[in-house]
Amino acid sequence: MLTATLGPAERASALARMAEQELDVLVVGGGVVGSGTALDAVTRGLATGLVEARDWASGTSSRSSKLIHGGLRYLEMLDFALVREALKERGLLIQRLAPHLVKPVPFLYPLQHRGWERFYAGAGVTLYDTMALSSGHSRGLPHHRHLSRKGALRVAPCLRKDSLVGALQYYDAQMDDARYTMTLVKTAVGYGALAANRARVIGFLREGERVVGARVEDVEGGGVYEVRARQIVNATGVWTDDTQALIGERGQFHVRASKGIHLVVPKDRIHSSTGLILRTEKSVLFVIPWGRHWIVGTTDTDWSLDKAHPAASSADIDYLLEHVNSVLAVPLTRDDVEGVYAGLRPLLAGESEATSKLSREHTVAHPVPGLVVVAGGKYTTYRVMAKDAVDAAVHGLDRRVAQCCTEEVPLAGAEGYHALWNARARMAESTGVHVARIEHLLNRYGSLTEEVLQLIKDDPSLGSPLANADDYLRAEVVYAASHEGARHLDDVLTRRTRISIETFDRGTLSARETAELMAPVLGWDKEQVEKEVEHYQKRVEAERESQRQPDDQTADAARLGAPDIVPL
């Protein structure tokens, strides 16, 4: 596979080429499902295009709990098929498809009742591990263990002694969801897919009843392209109904948005060597290790307001703090919160008995000839959703097409990752980059780390960390703009890196340095640099203001006070 570059020239070329030929499949939506669908289609030998209205993973796929998990709580709902499927996918991602991006993470489940709860919860976790083992992909994750209260407090001293009588510890996995999705796009392009972000579908082309293409607006450069395709896949998540409305057809199901918010706090605020999973009256609450931070989440509430920028209210933040503080010896306060982010889950809401109970499962429909819709599901099972969507599209193609092979297709950066990890000390010595930095790069780029290091070799100043976000090197900003499709400051600070949620200033102190590094790559003049910085600062202030509001309505109104960036 050729290493793909998602730079400005490649984006412009992809849009032009999509308009010059008839594609087999055009995928609308650049979240994890849409990106996975593009990879599935192109690796079957299909001429494939992928368009996204904003940035890759700018919706739900950058705002999740960042977990790759089997869904332990779905066992309680007796949804064994979903758990088995997710555990298989978890194993594939850790072992074969993306070992550089997906990592094991431990969780402690505090027990609050003697006797029956240990038996009940222990039986569930034992079944979880057993199902993972039976999938043939459990290698790399330790099995669960039972702990006494003393043992639990040894690994999680942060817990109040009266909050547990013992505990269970088990393992799942985690990833950077936005980086994972972008890497899917890079992989698909490496196999020949044409991909363009900031390219919005504004209408569909019809011949009689059949959908034969889409009208795609270049949000950055202006102009509208007519992209013809034998099959179109609508993979727009919480925007599914809006996209369907462009063809004037009533869907077979609706997608309902459920808001989940997360808090990010520094590592030293919670003294623990393991993540936590806590029961709430509605669901579960996770405290997830995240580098030098913790992620605390999530909520689950209906959302019917702005889909592009869901807002976290003061009530949401209080809910999470109240529940996590119920078990912490040293409570968290508002002052401990570095970052807050909110995302929307696309939950299926059926109009008939057949679809009304789909919930977090996914479905695929063919509402009109030439158009496939895929919706619902969860991040972990994106590859299965993509396979089902392409299988449905293939039915509409008048030729024999190969079966899905993505189970055997490692993502960009996976090949050679383990060998480079073993050689990281030697890489540090030869490049002059500290070994801790090399490890950071390998766990973000895998074997593509060598491309980032080449930038540093060509310009040693890029080997320095950002002045106000020293977890990230200056080279990573340049690479994001030149190789990873970042078009705006927000793309880098919010998705290519996580500076927007990992610093108390929410990235405002890094904005100018980052914009000036991006400018030569993207052809920005001083005026555009100022515009990018000003927009980012307004966005952060609008988010802060929304988080002071008491409810969803007022929070949404405050967040909408900062409009989207004006294109070049």
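Basis for what follows: all heavy atoms, side chains included, without hydrogens, waters or symmetry-related copies.
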Next item on the list: Can you sort out the partners of Glu513 under salt bridge (Lys or Arg N to Asp or Glu O under 4.0 Å), two or more places apart, ordered by chain and number?
Entry: Arg474
Notebook entry, point to check: Looking at CG of Leu493 and CD1 of Ile501, how far apart are the two atoms once the value is rounded to the nearest 0.5 Å?
Noted result: 12.0 Å
Check: Hey, is the main chain of Glu415 close enough, under 3.5 Å, to the side chain of Ser447 for a donor-acceptor pair?
Finding: yes
Margin query: For Asn234 and Thr240: C-alpha separation, side-chain torsions, deciding distance, then whether side-chain contact (heavy atoms from CB on, under 4.5 Å) applies.
Written below: CA-CA 7 Å; Asn234 174 7; Thr240 298; 3.9 Å; yes
Next item on the list: Might you work through the side-chain contact (heavy atoms from CB on, under 4.5 Å) test for Thr449 and Arg444, ending with a clear yes or no?
Entry: CA-CA 8 Å; Thr449 292; Arg444 283 170 52 77; over 6 Å; no
Next item on the list: Start with the C-alpha gap between Arg496 and Asp490, add the side-chain angles, then the distance that decides, and say whether salt bridge (Lys or Arg N to Asp or Glu O under 4.0 Å) holds.
Entry: CA-CA 9 Å; Arg496 303 305 182 279; Asp490 191 60; over 6 Å; no
Item checked: Crowding at CZ, Arg424 (>12 non-hydrogen neighbours, <6.0 Å) -> yes
Margin query: Could you work out, with salt bridge (Lys or Arg N to Asp or Glu O under 4.0 Å) as the rule, every residue matching Asp172, not counting sequence neighbours?
Written below: Arg90
Notebook entry, point to check: For Asp505, what residues pass the salt bridge (Lys or Arg N to Asp or Glu O under 4.0 Å) criterion, not counting sequence neighbours?
Noted result: none
Margin query: Under a 3.5 Å distance rule, please check whether Thr60 uses its side chain to pair with a backbone N or O of Gly343 as donor and acceptor.
Written below: no
Notebook entry, point to check: Going by the ring pair (Phe, Tyr, Trp, His ring centres under 6.0 Å) test, which pairs reach into residues 444-471, not counting sequence neighbours?
Noted result: Tyr445-Tyr479
Item checked: Nearest-0.5 Å distance, CD1 of residue Ile68 to CD1 of residue Ile94 -> 8.5 Å
Notebook entry, point to check: At what distance, to the nearest 0.5 angstrom, does OG1 of Thr497 lie from CG of Leu466?
Noted result: 7.5 Å
Notebook entry, point to check: Any idea which heavy atoms bring Ala47 and Gln21 closest together, and the distance?
Noted result: CB-OE1, 4.4 Å
Item checked: Side-chain donor-acceptor contact under 3.5 Å, Asn468 with Ser510 -> no
Margin query: Within this structure, what is the OG-CD distance for the pair Ser500 and Glu338, rounded to the nearest 0.5 Å?
Written below: 11.0 Å
Checklist line | Residue among His488, Arg495, Arg487 satisfying side-chain hydrogen bond (donor to acceptor under 3.5 Å, both in side chains) with Asp491 | finding: Arg495
Note to self: Minimum heavy-atom separation for Gly507 and Ile499, please, with both atom names.
What the structure shows: CA-CG2, 3.6 Å
Next item on the list: Compare all side-chain heavy atoms of Trp239 with those of Lys307 and state whether any distance is below 4.5 angstrom.
Entry: yes
Next item on the list: Assess the side chains of Tyr472 and Glu502: does a donor N or O sit below 3.5 Å from an acceptor N or O?
Entry: yes
Next item on the list: Apply the test side-chain contact (heavy atoms from CB on, under 4.5 Å) to residues Val105 and Trp290: give CA-CA distance (whole Å), side-chain angles for both, the deciding distance (0.1 Å), then the verdict.
Entry: CA-CA 10 Å; Val105 59; Trp290 180 254; over 6 Å; no
Check: Take atom CD in Glu429; do more than 12 heavy atoms of anything else shown fall under 6.0 Å from it?
Finding: no
Next item on the list: Apply ring-ring contact (aromatic ring centres under 6.0 Å, His included) to Phe107 and Phe286, showing your working.
Entry: CA-CA 9 Å; Phe107 285 103; Phe286 286 101; 5.4 Å; yes
Notebook entry, point to check: Can we say Asp177 and Arg498 salt-bridge, meaning some charged N sits less than 4.0 Å from an Asp/Glu carboxylate O?
Noted result: yes
Margin query: I want to check something: taking the side chain as every heavy atom from C-beta on, are Gln174 and Ile288 in contact at a cut-off of under 4.5 Å?
Written below: yes
Checklist line | Donor-acceptor side-chain pairing of Tyr417 and Asn443 below 3.5 angstrom | finding: yes
Notebook entry, point to check: Can a salt bridge be assigned to the pair Glu220 and Arg11 using a cut-off of 4.0 Å between side-chain N and carboxylate O?
Noted result: no
Notebook entry, point to check: When you look at Met385 and Lys378, which way does the side-chain contact (heavy atoms from CB on, under 4.5 Å) test go after all the steps?
Noted result: CA-CA 9 Å; Met385 296 173 68; Lys378 57 205 279 289; over 6 Å; no
Check: Can you name the salt bridge (Lys or Arg N to Asp or Glu O under 4.0 Å) partners of Glu89, sequence neighbours left out?
Finding: Arg383
Note to self: Is it the case that the side chains of His362 and Asp388 hold a donor-acceptor pair, with the cut-off being a distance below 3.5 Å and no angle test?
What the structure shows: yes
Check: Can you check whether Trp421 reaches Glu439 side chain to side chain, under 4.5 Å on heavy atoms?
Finding: yes
Next item on the list: Decide yes or no for Gln231 and Leu371: does some side-chain heavy atom of the first lie under 4.5 Å from some side-chain heavy atom of the second?
Entry: no
Next item on the list: In plain terms, say whether Glu484 and Arg179 are close enough for a salt bridge, that is, a side-chain N and a carboxylate O under 4.0 Å apart.
Entry: yes
Checklist line | Side-chain donor-acceptor contact under 3.5 Å, Glu532 with Gln528 | finding: yes
Notebook entry, point to check: Is the shortest heavy-atom distance from the side chain of Val233 to the side chain of Leu26 under 4.5 Å?
Noted result: no
Notebook entry, point to check: Does one side chain, of Thr274 or Tyr171, offer a donor that lies under 3.5 Å from an acceptor on the other?
Noted result: no
Margin query: As a test of understanding, state which of Val32, Leu50, Leu184 forms a side chain to side chain contact (heavy atoms under 4.5 Å, CB included) with Trp56.
Written below: Leu50
Notebook entry, point to check: Have Glu476 and His440 got a donor and an acceptor in their side chains that come within less than 3.5 Å?
Noted result: yes
Margin query: Counting C-beta onward and ignoring hydrogens, is there a side-chain heavy-atom pair between Arg198 and Asp55 closer than 4.5 Å?
Written below: yes
Notebook entry, point to check: side chain to side chain contact (heavy atoms under 4.5 Å, CB included) with Met18: which of Val216, Val51, Thr48?
Noted result: Val51
Notebook entry, point to check: When you check the side-chain N and O atoms of Ser65 and Thr298, is any donor under 3.5 Å from an acceptor?
Noted result: no
Next item on the list: Using a strict cut-off of less than 4.0 Å between a Lys/Arg side-chain nitrogen and an Asp/Glu carboxylate oxygen, indicate whether Asp471 and Arg292 qualify as a salt bridge.
Entry: yes
Notebook entry, point to check: Which heavy atom in Cys404 sits nearest to a heavy atom in Lys387, and how many Å separate them?
Noted result: CB-CG, 3.8 Å
Notebook entry, point to check: So which pairs with a foot in residues 23-38 pass side chain to side chain donor-acceptor pair (under 3.5 Å), sequence neighbours left out?
Noted result: Asp24-Arg230, Asp24-Arg399
Notebook entry, point to check: When you measure from the side chain of Arg63 to the backbone N and O of Ser58, does any donor-acceptor pair fall under 3.5 Å?
Noted result: yes
Margin query: Are the side chains of Asp218 and Leu15 in contact, using a 4.5 Å heavy-atom criterion?
Written below: yes
Item checked: Between Arg539 and Thr494: side-chain donor-acceptor atoms closer than 3.5 Å -> yes
Margin query: Can you tell me how far apart CD (Glu52) and OG (Ser61) are? Round to the nearest 0.5 Å.
Written below: 9.0 Å
Margin query: Testing the basics here: between Trp294 and Lys267, what is the closest heavy-atom pair and its distance to 0.1 Å?
Written below: NE1-O, 3.0 Å
Next item on the list: List the steps and the verdict of salt bridge (Lys or Arg N to Asp or Glu O under 4.0 Å) for Glu408 and Arg96.
Entry: CA-CA 8 Å; Glu408 305 291 337; Arg96 182 187 302 163; 3.2 Å; yes
Margin query: With rounding to the nearest 0.5 angstrom, report the OH to NE2 distance, Tyr341 to His262.
Written below: 4.0 Å
Note to self: With heavy-atom distances below 4.5 Å as the criterion, would you say the side chains of Val529 and Glu516 are in contact?
What the structure shows: yes
